[in-house]
Amino acid sequence: MKSYALVLAAGLLPVVALCQKIVAPGSRDINTKYIKPQKSLYTVYYVKDTNWDKQGTITYDIVAANNQLSLTSSYTPKDNAWVTARTSVVDGSTLKSISYAADTKKTKLNLNFGETITGNYYSKETKKDKKLNLKSNEPFIDFNWTDHLMGTLPLDVGYKARIPQFYYNDESNVQVEYYSIKEVKSYSYGSPKTGKHDSWLITLLEENTGAIYNYVVDKKDRRLWQREMSMGNGKWEITVNEELDYQPIKNRFNKEQAVQQISNGNSVIVGTAYARSSSGKRLAGLVNTAKKQYAPKGTEIMLFPNSAYYEEWLEVNKKIRKQKKVAEVPLDPDFGHSVKHTKVYDDEGHFEFAELMPGNYIIMTSFDFSNSYNYSYVSGYTNYYNYWGYTGSTTNYGTGRSSYIDKANIEKRISIDKDGEKKEVNLKEM
């Protein structure tokens, strides 16, 4: 968060209220109990209109020890070409700076804060190292902590303040610049994972450049949900909280155990996949009459070990679908390693799995098939007449047979009790 933000049109800039309170280390407005030792992950996007272009990710790691707070932030671009790592250590009660170290794509910087600010600045481009001895005549907040500072403040509608922020720029003699909180208002933040959250929307003005920042901070636990930075010409940098602490599935997926279960045994499963007309499928009120239809040759069959993790995943998503408030929980990214694939190898739906260990398994498949049915229809009418005229009619009916394409979605649970066992299974849609 610094002067790479572009300047907005001067006519849009509000007049800076110089009489606003100053929030600096030791200010009564700072309540560091809201800064929790934890890791958090944010995704960074460049946004214009409805286009969201992912740029990379930021990881924050906060550690509390010896009455100090240490913040390590790591930015990784989407191409993983390089990583920017910054570590800032401050007093755990006041946020007064103690030390700072940064390793970026082009530079290295180390600072120690006291009556004077000492350290060194190294350029990776020029290979030159520069000793630093700086003096600041005013208290300040290290820019690395600004995102977290927002949640420590006594936020309320109408709250305003000015924040002196320290940022070392080797091309400038100015290290402390002011940011003004121009507006705080209530806001409802919608998380795709955890739903709606009552929040504060904070508008921050960078006084020197006129850049605007918007912060969305949870009213309850003060976590930062989202940060927006104006870049000019209708473009914004938006940083979104990925909620690393969101763990609705309590049971953990064991990748190593699952991989071993499907590859280190001597048991086999052989089976047949097919659909029947007695599945209850109906069209125009008439029951299908087609006979057994096998899964076509080449149909994929999947098998994976059942587990407490998978059963809980099913139950959690069942509740989510019923409530219709948040998105369903995806499977663990490593779950695919536990899935074994095979294909139907003939025209009679046969398939095989080998190298399985004893345990519980789930087998799944899906395929299209043709269902047929008999139907009747009115083919015409026979009218009757006598000497006096029309006396009545009868309806004539015809019969026919038709078909339609349907889809079979089949899931079956099966257990292997001992190593070397051979199990036979029918995968049929009943």
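Note that the numbering runs from 1 along the sequence shown for the chain.
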Student: Go through it in stages, so that I can follow the logic: the residues are Thr118 and Asn133, the test is side-chain hydrogen bond (donor to acceptor under 3.5 Å, both in side chains), and I'd like the CA-CA distance, side-chain angles, deciding distance and then a yes or no.
Tutor: CA-CA 5 Å; Thr118 60; Asn133 195 316; over 6 Å; no

Student: Do Ser186 and Lys219 have side chains that get closer than 4.5 Å, going by heavy atoms?
Tutor: yes

Student: Could you tell me whether the side chains of Asn31 and Thr152 share a donor-acceptor contact shorter than 3.5 Å?
Tutor: no

Student: For Ile22 and Pro164, work out which heavy atoms get closest and say how close.
Tutor: CG2-CD, 3.8 Å

Student: Between Asp221 and Lys36, does the salt bridge (Lys or Arg N to Asp or Glu O under 4.0 Å) criterion hold? Intermediate values first, please.
Tutor: CA-CA 10 Å; Asp221 64 11; Lys36 299 178 177 61; 6.0 Å; no

Student: Look at the side chain of Lys182 and the backbone N and O of Ile212, then say whether any donor-acceptor pair between them is shorter than 3.5 Å.
Tutor: no

Student: What heavy-atom pair brings Lys160 and Gln20 nearest, and what distance separates the two atoms?
Tutor: CD-NE2, 3.8 Å

Student: I need the minimum non-hydrogen distance between Ala64 and Leu69, along with the two atoms involved.
Tutor: CB-CD2, 3.8 Å

Student: Only one of Tyr167, Tyr168, Phe166 forms a ring-ring contact (aromatic ring centres under 6.0 Å, His included) with Phe140, so which one is it?
Tutor: Phe166

Student: side-chain hydrogen bond (donor to acceptor under 3.5 Å, both in side chains), that's the test. Do Tyr42 and Asp147 meet it? Break it down for me.
Tutor: CA-CA 12 Å; Tyr42 292 79; Asp147 288 357; over 6 Å; no

Student: For Asp142, run the side-chain hydrogen bond (donor to acceptor under 3.5 Å, both in side chains) check against Ser88, Ser99, Ser97 and tell me which one passes.
Tutor: Ser88

Student: What is the distance from atom CD of Glu237 to atom OH of Tyr213, rounded to the nearest 0.5 Å?
Tutor: 8.5 Å

Student: Give the minimum heavy-atom separation between Ala24 and Ile141, together with the two atoms involved.
Tutor: C-CD1, 4.1 Å

Student: Name the orientation class of the two ring planes belonging to Phe304 and Tyr310 (parallel below 30°, tilted from 30 to 60°, perpendicular beyond 60°).
Tutor: perpendicular

Student: Of all heavy-atom pairs between Val216 and Ser199, which one has the smallest distance, and what is that distance?
Tutor: CG1-CB, 3.8 Å

Student: Do the side chain of Asn66 and the main chain of Gln68 share a donor and acceptor less than 3.5 angstrom apart?
Tutor: no

Student: State the OG1-OH distance between Thr59 and Tyr75, to the nearest 0.5 angstrom.
Tutor: 11.5 Å

Student: Short question: side chain of Tyr246, backbone of Lys193 - any donor-acceptor pair under 3.5 Å?
Tutor: yes

Student: Indicate whether any N or O donor in one side chain lies under 3.5 Å from an N or O acceptor in the other, for Thr84 and Thr104.
Tutor: no

Student: Atom CG in Leu204, atom CZ in Arg227: separation rounded to 0.5 Å?
Tutor: 10.5 Å

Student: Restricting to non-hydrogen atoms, name the atom on Val326 and the atom on Gly195 that form the minimum distance, rounded to 0.1 Å.
Tutor: CG1-N, 3.1 Å

Student: Check the angle between the aromatic planes of Trp225 and His197 and answer parallel, tilted or perpendicular using the 30° and 60° thresholds.
Tutor: tilted

Student: Determine yes or no for a side-chain-to-main-chain donor-acceptor pair under 3.5 angstrom, with Asp79 supplying the side chain and Ala81 the backbone.
Tutor: yes

Student: When rounded to the nearest 0.5 angstrom, what is the spacing between CD in Glu206 and OG in Ser180?
Tutor: 10.5 Å

Student: Between Ser267 and Glu421, is there a donor-acceptor pair closer than 3.5 Å when you use the side chain of the first and the backbone of the second?
Tutor: yes

Student: Using 30° and 60° as the class limits, which term best fits the ring planes of Phe353 and Phe351: parallel, tilted or perpendicular?
Tutor: perpendicular

Student: Is there a donor in the side chain of Gln55 and an acceptor in the side chain of Asp53, or the other way round, less than 3.5 Å apart?
Tutor: yes

Student: Just to verify, which of Glu138, Gln165, Arg162 counts as forming a side-chain hydrogen bond (donor to acceptor under 3.5 Å, both in side chains) with Tyr178?
Tutor: Glu138

Student: Hey, is the main chain of Leu153 close enough, under 3.5 Å, to the side chain of Asp29 for a donor-acceptor pair?
Tutor: no

Student: Assess, by modelled atom type and distance only, whether the side chains of Gln226 and Tyr187 contain a donor and an acceptor separated by less than 3.5 Å.
Tutor: no

Student: Any donor-acceptor pair under 3.5 Å linking the side chain of Asn241 with the backbone of Leu224?
Tutor: yes

